[in-house]
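Note sheet for the following structure.
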Amino acid sequence: MSEPRLTRLPQWQALQRHADAIGHKHLRELFAADPQRGERYVLEDVGLYFDYAKQRVDADALRLLRELALACGLPQRVEAMFRGERINTTEQRAVLHVALRAPAGEAILVDGHDVVTDVHAVLERMGAFAERVRSGAWLGHGGQRIRHVVSIGIGGSDLGPVMAYEALRAYSRREMTFHFVSNVDGTDIAEAVHGLDAAETLFIVCSKTFTTLETLANARAARAWCVAALGDEAAVAKHFVAVSTNAAEVAKFGIDTANMFGFWDWVGGRYSMDSAIGLSTMLAIGAEHFRAMLAGFHAMDEHFRHAPLERNLPVLMGLLGIWNNNFLGAASVAVLPYEQYLKRFPAYLQQLTMESNGKRVTRDGAAVDYATGPIYWGEPGTNGQHSFYQLLHQGTRLVPCDFIGFGQSLNPLGDQHDLLLANLIAQGEALAFGKTAEEVRAAGTDAALAPHRTFPGNRPSSTLLAKKLTPHTLGTLIALYEHSVFVQGVIWDIDSFDQWGVELGKQLAKTTIAELTAKNMPTLAHDSSTNALIHRYRQLRDR
Ligand code: F6P
């Protein structure tokens, strides 16, 4: 097995030396040395204004990071992805979410077959189906029109659809209600269908594999609820559709494959919200808005593929993340959308970033000797300010922040949007520059209190601004993060597209399920803690 080469690259070592030299420089110094920093450390393209002036980098750090990207073969790897090469090597799969938003007429070949044609054929079917449901032409078993949609899925088959529905709610058909069920906890489905009329409810069962325990359990519960309410097994045909790559399992479950919308093994679960997995999104916002969202994704794809490294948004964002993670020692990233509609965006990004880059070996299987994917977390502003921002400002950990805001509100209400954005802007400023002990004392603060009221500052952040949250902007924003995750995966030399780490827990759960459900207490062969938990749970349940 080979050794990881990253930390032996001269470009990495040069960055290490540069970080030793400037890593502790305060943002106050960096701004003082360059009065134009706030205008120069900005990249604006594809409708996004990206301010990275408050990142603790200088021109040399940025140049060295780009040199590292070149040494790691980033341009070649980007091309390999867009060409449909099997860059997901541990699963021997192409990685072609970019094909999901390629315009009709563009050809991307997988094994000599043009997949863009397939994508558009599915989009047409989705569009026709969405139109029938939205117009009331698709009727339920009893002849009523569909007013409620329940999407069942988990992970990539849930987080994208929920996030997109919430993000684009302002564009959605308000006469219809949308619900999302993911957790195998029966409460999730029970609460989702509570109060719904089965005769007016459509279930979309989303699962790439159609073998996922949680989704199948929830789909079975939904079917039982629907059949019990409508009194006829035949109702399933009008109230259930599936989104999957696995027609055989869909048929086995009892959904007619005529009501199935397909996608392909080259779409990773966490990169699938713009495939048929987005059917609920299309039902909510309509085919035209859905296509606008795809166009937004595509605009960023084109930018990523063609813009030079120094003017490339995902590359810049990815490299700043490498700097913070590997050279300044930050272990997490806070994503802070100052836009209520993006309330599920941090949760969505958690799977995108952490399932992709939470890896400990290189593509060759060598254990890495450097940190890989950081922990992503966050909440919409301003709620976070009254919760965890204390730690961001005065805690002992360095947490780089991504602030996201829009020039225009979708719900302008008095001066509330200005209040919101004032908070966003002020937080970045406070994190960067803080308030020195002298400033605190000069303001008349009691000496004993001064340390408590001092803000060290020098806490890095980036700020993304766009005009307005639209389907197009959302697509652009998501693709920005998708590609920046890719950039980081290339630097770390890991496979960003597999997720073997979720397997062990799934396997152990199978054994445990049998032990929990066995009629008599079985002989247990786990560690003493696991054995005791199984005993205790059975006692609590059965007493
Ligand atoms: O959590 C593992 C995972 O495989 C994710 O990558 C995926 O998005 C999720 O499970 C759901 O899988 P499926 O769409 O096959 O039900």
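As the structure lists them, so they are numbered: ligands from 1, and atoms in each ligand from 1.
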Nearest protein heavy-atom contact for atom 8 (O) of ligand 1: which residue, which atom, what distance? Gly156 N, 2.7 Å
Please write down residue, atom name and distance for the protein heavy atom closest to atom 1 (O) of ligand 1. Glu355 OE2, 3.3 Å
Evaluate the ring planes of His239 and His141, with Trp represented by its six-membered ring, and classify them as parallel (under 30°), tilted (30 to 60°) or perpendicular (over 60°). perpendicular
Please say whether the positively charged group of Lys359, taken as NZ for Lys or CZ for Arg, lies over the ring of Trp492, i.e. under 6.0 angstrom from the six-membered ring centre and within 45 degrees of the axis. no
Under-4.0 Å protein heavy-atom contact, atom 16 (O) of ligand 1: yes
Closer than 4.0 angstrom: is that true for some heavy atom of Gln351 and an atom of ligand 1? yes
From Glu131 CD over to Glu288 CD, what is the distance, rounded to the nearest 0.5 angstrom? 10.5 Å
Would the Phe345 and Tyr481 ring centres measure less than 6.0 Å apart? yes
Distance-only N or O hit between ligand 1 and Ser207, under 3.5 Å: yes
If you round to the nearest 0.5 Å, how far is CZ of Phe263 from CG of Leu279? 11.5 Å
Between Thr215 and ligand 1, is there a nitrogen or oxygen pair with a distance under 3.5 Å? no
Is the ring pair His289/Tyr171 parallel, tilted or perpendicular, if the boundaries are 30 and 60 degrees? perpendicular
Atoms of ligand 1 close to Ser157 [distance to a heavy atom under 4.0 angstrom, numbered from 1]: 13 (P), 14 (O)
Of the protein's non-hydrogen atoms, which lies at the shortest distance from atom 12 (O) of ligand 1, and what is that distance? Thr212 OG1, 3.5 Å
Can you tell me which portion of Gln499 lies within the under-4.0 Å heavy-atom range of ligand 1? Options are side chain, backbone, both, or neither. side chain
Name the closest protein heavy atom to atom 2 (C) of ligand 1, giving the residue it belongs to and the distance to 0.1 Å. Val502 CG2, 3.5 Å
Do NZ/NE/NH1/NH2 and the carboxylate oxygens of Glu91 and Arg363 come within less than 4.0 Å? no
How far is atom 11 (C) of ligand 1 from its nearest protein heavy atom, and which residue and atom is that? Ile154 O, 3.2 Å
Side chains of Thr245 and Trp264: any donor to acceptor distance under 3.5 Å? no
Atom 10 (O) of ligand 1 sits nearest the protein heavy atom Lys506 NZ, 4.5 Å
